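It should be emphasised that the depicted structure is a prediction, and the values quoted were computed from it without experimental measurement. Throughout, a chain's letter reflects where its sequence line sits, starting with A, and its residues are numbered from 1.
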Number of protein chains: 2
Amino acid sequence: MLSDTPIPNNHDITRAKSNCSACSLRELCLPVGLNEQEVEILGDLVNHKCRIQRGEYLHHTGSNFQSLYAVRRGFFKTYVLEQDGRQQVTGFHMTGELIGLDAISTEMHTCDAVALEDSEVCEIPFAKLEEMSRNIPSLMRHFHKIMSREIVKDHGVMMLLGSMKAEERLATFLLNLSHRFFKRGYSSSDFILRMTREEIGSYLGLKLETVSRAFSKLQEEEIIAVHNKHIQINDIDRLRNKIGTA
Amino acid sequence: MLSDTPIPNNHDITRAKSNCSACSLRELCLPVGLNEQEVEILGDLVNHKCRIQRGEYLHHTGSNFQSLYAVRRGFFKTYVLEQDGRQQVTGFHMTGELIGLDAISTEMHTCDAVALEDSEVCEIPFAKLEEMSRNIPSLMRHFHKIMSREIVKDHGVMMLLGSMKAEERLATFLLNLSHRFFKRGYSSSDFILRMTREEIGSYLGLKLETVSRAFSKLQEEEIIAVHNKHIQINDIDRLRNKIGTA
DNA sequence: CCTTTGAATTGATCTGGATCAAAACAAGGA
DNA sequence: TCCTTGTTTTGATCCAGATCAATTCAAAGG
């Protein structure tokens, strides 16, 4: 059924695009159109590459904000705690994405960020970033676009939570993941989920049982194949049709 | 029941804090800690004060992005259209709030913005804002905080949509409005809603009938008084208790 | 004044997803 | 190997909110 393809899955041992050695921002953290000199200057921006083990926290709610974190490798979730202790997942973050933008506003983190697999991040001291963006207009512009994109993304989630049915939500979620894996050079149709059904449910505003049932339904219809956390998308068009045509 | 109070309602003819003449950013658009000279420079930033009538649009989805808009007076809603034509309200915006941050990312507006009452906005050319913030660090910092606050706000809405019941959602919504009116010098317990039940429902992920029933329920419990769009909060503590104690 | 029109309320019913419960499964660890 | 523990699936039931339908109400215009 699966033709052997040169495109790596995100669970292959060899990782796509993970062979760059120095932690420059050249290709992942803030891929701006810079000249060589600017890239070099930018090198100063990044403090150090930091390994984070599965289950370790990048920051907690209320902790002091100093730096943004660019995911270099791995997978994170961020969540806010409600008064009654339940957690609401606000996002999943993979290679090349920035964590901590919410903390700029109050200079305190407003969510917890935890690694869902062994990961690596670049720490980007925010004061330094602001300082440098003063002299590099394209960096400033790029940073503003990143923040703006975050807002747009959140509006998309609001739409999902506000008006989609369970199956539509899951389809949207899978298509989004698929797209993000694709952009990173991984297979868009064969990947491993790093989060549990409960975490997916929290993100999508559903209970874990409902998420599981939605997976099963999509599998029955032969649109996807589910083996625990291993997902294969067999018919992406029909998956797309699940959205907005309920 | 209502003691006559010096605090104006948002439906009084005399408006609180609306008597400033020039459209400087001094006190509303971007209230940064600036010295006199900087404030003067900043005056250049604002193109012109612009009147927008109820029902008029500030921008449409897909239109070219040039400027942010600071609400000077009045009330707006922003919404995104789904493929099937329904609209999902992404926010309500009142005096002092910024509209258009979502458009920075693609340089196209990603939502429609429409005035829900006769309003006035300041147009802030974004290129100019970036240019100036390069020379005024506190302006840059302030702008970043505004964007970040937007992200935090959206996370709050995600939490609301993802895990609250209808009554909790409406209580949260009313408390949020109350707080925003209060900060602007209006009564926090007596105000006029500018949006319909349907628009509230869209924002809160509920049908208009459910919104209406939730209003009625809160009124029965004598926590609020509802006369169409006129809302009075009689017992703000019990309203607060509605949240997270379901 | 009455008429029109859009908005809001209220009632009756239906249903998607929550909840409760149990079984199946997977990954470690002893 | 067999436990243990956490995760996932599946089934049975229940309920909050959606849906459908009918009034009521408010504002604007003739």
Side-chain angles (χ1 to χ4, degrees), chain A residues 11 53-55 77 84 86-89 114 116-118 160-174 192-221 224-231 242 245-246, chain B residues 11 53-55 77 84 86-89 114 116-118 160-174 192-221 224-231 242 245-246:
Chain A
H11 50 290
Q53 296 226 307
R54 179 184 145 91
K77 77 165 173 184
D84 57 11
R86 276 174 307 151
Q87 59 178 56
Q88 165 77 28
V89 173
V114 62
L116 296 183
E117 63 176 329
D118 292 355
L160 178 142
L161 291 171
S163 65
M164 287 190 185
K165 296 198 183 308
E167 225 188 14
E168 290 181 275
R169 296 186 196 195
L170 187 63
T172 305
F173 176 70
L174 289 176
I192 300 283
L193 299 175
R194 300 296 164 181
M195 70 297 275
T196 67
R197 301 289 190 262
E198 188 168 22
E199 288 162 337
I200 296 172
S202 172
Y203 184 64
L204 298 180
L206 301 169
K207 291 292 152 182
L208 69 96
E209 295 96 327
T210 307
V211 173
S212 178
R213 277 182 245 269
F215 269 122
S216 300
K217 177 108 184 298
L218 290 175
Q219 177 159 245
E220 262 170 41
E221 300 179 56
I224 64 174
V226 184
H227 296 96
N228 222 332
K229 290 190 155 69
H230 179 187
I231 306 293
K242 284 283 168 185
T245 326
Chain B
H11 50 290
Q53 295 226 306
R54 180 184 144 91
K77 75 166 174 184
D84 57 10
R86 278 174 306 152
Q87 60 178 55
Q88 165 77 29
V89 173
V114 62
L116 296 182
E117 64 176 329
D118 292 355
L160 178 144
L161 292 171
S163 65
M164 286 189 183
K165 296 197 182 308
E167 225 188 13
E168 290 182 273
R169 296 186 196 193
L170 186 64
T172 304
F173 176 70
L174 289 175
I192 299 283
L193 300 175
R194 300 297 163 180
M195 71 296 278
T196 66
R197 301 290 190 261
E198 188 169 21
E199 288 163 336
I200 296 172
S202 171
Y203 184 64
L204 297 180
L206 301 169
K207 291 292 151 182
L208 71 94
E209 295 96 328
T210 306
V211 173
S212 178
R213 278 182 243 270
F215 269 122
S216 300
K217 176 107 184 298
L218 289 175
Q219 177 159 246
E220 262 169 40
E221 300 179 55
I224 63 174
V226 184
H227 297 96
N228 221 334
K229 291 190 156 68
H230 180 185
I231 306 292
K242 284 283 168 188
T245 326

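Of the side-chain N and O atoms in A:R197, one or more sit less than 4.0 angstrom from OP1 or OP2 of D:dT9. Of the side-chain N and O atoms in B:K229, one or more sit less than 4.0 angstrom from OP1 or OP2 of C:dA8. Between A:T210 and the phosphate of C:dG17, there is no side-chain N or O to OP1/OP2 separation shorter than 4.0 Å. Taking side-chain N and O atoms only, A:K207 has a distance below 4.0 Å to OP1 or OP2 of C:dT19. Considering only side-chain N and O atoms, A:T196 lies nowhere under 4.0 angstrom from the phosphate OP1 or OP2 of D:dG6.
In this entry the distance linking CG of A:L170 with C1' of C:dG16 reads 15 Å, nearest Å. As a whole-Å value, the separation of B:R213 CZ from D:dT23 C1' is 13 Å. Rounding to whole angstrom units, CZ of residue B:F215 and P of D:dG17 are separated by 15 Å. Summarising the geometry, the separation between CD1 on B:I200 and P on C:dA7 is reported as 13 Å, rounded to the nearest angstrom. Distance, A:M164 CE to C:dG17 C1': 17 Å, rounded to whole Å. One atom, CG of A:L193, and another, C1' of D:dT9, lie 15 Å apart when rounded to the nearest Å. For the pair B:E209 CD and D:dC20 C1', the computed distance is 9 Å after rounding to whole Å. Atoms CD (A:E220) and C1' (D:dT10) sit 11 Å apart, rounded to a whole Å.
Here the side chain of A:S202 pairs a donor or acceptor atom with the backbone of A:Q87 at under 3.5 angstrom.
If you check D:dA26, D:dA16, D:dT19 against the side chain of B:N228, the one that comes closest is D:dA26. Counting only heavy atoms from C-beta on, A:K165 has its side chain closest to C:dG17 among D:dT19, C:dG17, D:dT10. Of the candidates D:dT10, D:dC20, D:dG17, D:dG17 carries the atom nearest the B:A166 side chain, counting heavy atoms from C-beta on. Here the nucleotide nearest the side chain of A:L206, chosen from C:dT19, D:dC20, C:dG17, is C:dG17. Closest approach to the B:S212 side chain among C:dA8, D:dG17, C:dA21 is made by C:dA8 (side chain taken as heavy atoms from C-beta onward).
Around CD of A:E198, the count of heavy atoms belonging to other residues, nucleotides or ligands within 6.0 Å does not exceed 12.
Counting non-hydrogen atoms under 4.0 angstrom, B:G201 reaches nothing in the nucleic acid.
With A:K242 as the fixed residue, the side chain to side chain contact (heavy atoms under 4.5 Å, CB included) test singles out one of A:R169, A:M164, A:E221: A:E221.
Note that the CG atom of A:L218 and the CD1 atom of A:I224 stand 4.5 Å from one another [nearest 0.5 Å]. Within the model, atoms OG of A:S212 and CG of A:L170 stand 10.0 Å from one another, a figure rounded to the nearest 0.5 Å.
Scanning atom types as modelled, no donor and acceptor separated by under 3.5 angstrom connect the side chain of A:R169 and the base of C:dG17.
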